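Structure, as structure tokens:
Quantities reported herein were computed from a predicted structural model and do not represent experimental measurements.
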Amino acid sequence: MRYLVSLAIIIIAQAGAAWATGDLNTARPGAAFATIEAESAAACERLCADDTLCMAWNFHANSCELKAVVPPAVAQEGVMGQGHPALDG
């Protein structure tokens, strides 16, 4: 049983790491359930990863938008955004 729990933790950690970097100049407009001040895109990503509702995020000018769905990506200068790869169409 301990082996299965350890394996599950490793798999979950790897799944989270798979979407560890945002896409520069890519926004996912709409569907924000929260907008929070963040120091960096990495901090925004951590906020999303720590929130069970969050499936995507945008970061621009110290503003982090958390999204409960993965909106389609669009090009937008100066924005970094990412959606969970398993849900990204």
Side-chain angles (χ1 to χ4, degrees):
M1 182 66 174
R2 285 184 183 175
Y3 174 75
L4 290 177
V5 171
S6 298
L7 182 60
I9 290 170
I10 291 169
I11 290 170
I12 291 168
Q14 290 301 314
W19 66 301
T21 57
D23 299 320
L24 185 59
N25 298 326
T26 302
R28 295 182 175 276
F33 68 86
T35 302
I36 304 168
E37 186 175 327
E39 293 182 12
S40 66
C44 183
E45 178 184 44
R46 280 190 302 277
L47 288 167
C48 184
D50 291 343
D51 189 309
T52 57
L53 185 59
C54 188
M55 294 293 127
W57 55 271
N58 280 342
F59 176 78
H60 180 260
N62 290 13
S63 179
C64 176
E65 292 181 331
L66 304 181
K67 298 162 184 288
V69 298
V70 182
V74 297
Q76 186 173 342
E77 188 73 27
V79 177
M80 184 171 276
Q82 183 67 46
H84 194 289
L87 303 172
D88 197 0

Might you point out which heavy atoms bring [X] and [Y] nearest each other, and give the distance in Å?
{"X": "F59", "Y": "A38", "result": "CE1-O, 3.5 Å"}
{"X": "D23", "Y": "Q82", "result": "OD2-OE1, 3.4 Å"}
{"X": "P71", "Y": "A31", "result": "CG-CB, 4.1 Å"}

Is there less than 2.5 Å between the SG of C64 and that of C48?
no

With rounding to the nearest 0.5 angstrom, report the [atom1] to [atom2] distance, [X] to [Y].
{"X": "E77", "Y": "L24", "atom1": "CD", "atom2": "CG", "value": "7.5 Å"}
{"X": "F33", "Y": "K67", "atom1": "CZ", "atom2": "NZ", "value": "10.0 Å"}
{"X": "E45", "Y": "L66", "atom1": "CD", "atom2": "CG", "value": "11.5 Å"}
{"X": "S40", "Y": "R46", "atom1": "OG", "atom2": "CZ", "value": "5.5 Å"}

Using the rule that two of Ile, Leu, Val, Met, Phe, Trp, Tyr join whenever any of their side-chain heavy atoms come within less than 4.5 Å, decide whether M80 and V74 are in one cluster.
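As far as the 4.5 Å side-chain criterion goes, V74 and M80 are not connected within one cluster.
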
W57 reachable from V69 in the ILVMFWY side-chain graph, under 4.5 Å edges:
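V69 does not cluster with W57.
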
Taking the side chain from N58 and the backbone from R28, do they hold a donor-acceptor pair closer than 3.5 Å?
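Here the side-chain-to-backbone pair exists.
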
Steps toward side-chain contact (heavy atoms from CB on, under 4.5 Å) verdict (L47, C54):
CA-CA 9 Å; L47 288 167; C54 188; over 6 Å; no

